[in-house]
Amino acid sequence: MVLASKALCDPQLVLAVLSETVPGMAELPDLACFLAQDVLVPEGPTVWETPDSLSNILGEHLVDLGVCTSALQAQLVCEDLHKACQNPSDYQIRVYCHIKQGKSLQAALSDGRSPEKEDKPPPGACALCYRQMPLTWHHLYPRDVQKKFLKQGLMTQQDCLSGIHVCRQCHNTIHRSFDNETLAERLHSLEALKEQEVITRWMAYAQKQKVRAVVGHRVSR
């Protein structure tokens, strides 16, 4: 997922990527929080324009605080960090989601590195309840907030196309449980949805229910 520059003003996202990218930072949660929230985020999106602009702000701190032993090492770390923040890994996104849920940095790093087992639905089944039912298309960024989020730089044009196939019952449960702003802001992945308690309870119930319709039909919404 390539991020727009304004999305990098989110201190929790910066914290997630910083902690996993900069060597030793995962063991220094207080320092990671300071660098993310008090050094980088206040500079705004311009700090992420180039590796040099990032190094100009962060490099001296990395050396002074003992994270790096030289300006050259700090420059290389900033290059890695700049690349990672432009396109975070799946692990970094999982860490970000855990932090957004209120977990400590260390808990988020641990839970992100050890996700629940990858139990995937069979082909043609609902992504949540795994039942073979007619499927609808759930936009991970709901259409009625896409224009707003694009304008604010919180998503990309490619994100407009992202979604999951879910049955009508699961689709209705998602939209009954969360408003579109919440879905677009912090629940724009299947993993994030499945981590919500209300969805977890629904999945446990729905997976035990009988299939009520004939397979072979998909509806786009």
Side-chain angles (χ1 to χ4, degrees), residues 1-101 105 108-109 112-113 139-143 145-162 181-189 191-192:
M1 179 176 69
V2 179
L3 297 176
S5 59
K6 288 186 179 179
L8 295 170
C9 293
D10 185 330
Q12 293 162 322
L13 175 60
V14 175
L15 178 60
V17 181
L18 179 76
S19 301
E20 200 272 330
T21 304
V22 178
M25 196 59 66
E27 287 73 42
L28 300 169
D30 291 337
L31 178 57
C33 289
F34 166 72
L35 293 175
Q37 299 174 5
D38 298 319
V39 175
L40 293 174
V41 171
E43 294 293 330
T46 57
V47 72
W48 302 102
E49 289 180 352
T50 67
D52 286 339
S53 62
L54 180 60
S55 181
N56 289 339
I57 299 299
L58 184 62
E60 186 174 349
H61 287 282
L62 294 177
V63 175
D64 290 346
L65 295 170
V67 178
C68 296
T69 58
S70 67
L72 177 59
Q73 184 185 14
Q75 174 69 33
L76 295 175
V77 167
C78 287
E79 289 177 1
D80 290 341
L81 181 60
H82 180 268
K83 182 178 179 180
C85 268
Q86 300 304 313
N87 192 14
S89 66
D90 290 343
Y91 167 65
Q92 290 162 346
I93 295 298
R94 289 198 300 271
V95 172
Y96 168 62
C97 290
H98 288 309
I99 294 174
K100 292 285 282 186
Q101 292 172 7
L105 174 59
L109 289 166
R113 200 174 297 280
H139 291 85
L140 291 172
Y141 290 84
R143 288 180 294 180
V145 298
Q146 287 181 2
K147 183 176 180 181
K148 174 184 176 181
F149 275 60
L150 284 169
K151 185 175 181 180
Q152 293 179 345
L154 298 177
M155 62 179 292
T156 67
Q157 288 288 348
Q158 185 176 1
D159 291 329
C160 294
L161 304 177
S162 61
E181 293 268 347
T182 300
L183 289 170
E185 181 179 339
R186 63 183 182 87
L187 300 178
H188 47 258
S189 72
E191 292 75 17

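Bear in mind the structure is a predicted one, so any value in this text is a computation, not a measurement.
The closest side-chain heavy-atom distance from Glu43 to Trp48 is not below 4.5 Å. Looking only at side-chain heavy atoms (C-beta outward), Leu54 and Glu79 stay at 4.5 Å or farther from each other.
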Pair up each side-chain donor or acceptor in residues 57-67 with any protein partner under 3.5 Å, not counting sequence neighbours, and list the distances.
none

Exercise answer: donor-acceptor pairs, residues 21-40 side-chain atoms, under 3.5 Å, sequence neighbours excluded:
from  : atom 1 : to    : atom 2 : distance (Å)
Thr21 : OG1    : Val17 : O      : 2.7
Thr21 : OG1    : Gln92 : NE2    : 3.2

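Residues satisfying the side chain to side chain donor-acceptor pair (under 3.5 Å) test with Ser70, not counting sequence neighbours, are none. Checked against side-chain contact (heavy atoms from CB on, under 4.5 Å), Gln146 has the following partners two or more places apart in sequence or in another chain: His139, Tyr141, Arg143, Met155, Cys160. Ser53 pairs by the side-chain contact (heavy atoms from CB on, under 4.5 Å) definition with Glu49, Thr50, not counting sequence neighbours. The salt bridge (Lys or Arg N to Asp or Glu O under 4.0 Å) test applied to Lys148 returns Glu181, not counting sequence neighbours.
For the residue pair Cys78 and Pro51, the shortest heavy atom distance occurs at CB-O, 4.3 Å. Ala74 and Cys68 get closest at one heavy-atom pair: CA-SG, 3.7 Å. The two residues Ser55 and Gln75 make their nearest non-hydrogen contact at OG-OE1, 2.9 Å.
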Practice task
Go through Asp159 and Thr156 one step at a time and tell me if the side chain to side chain donor-acceptor pair (under 3.5 Å) criterion holds.
Solution key: CA-CA 5 Å; Asp159 291 329; Thr156 67; 3.2 Å; yes
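Here CD of Gln152 is found 10.0 Å from CG of Leu150. Values are rounded to the nearest 0.5 Å. The NE2 atom of His82 lies 9.5 Å from the CG atom of Asp52; values are rounded to the nearest 0.5 Å.
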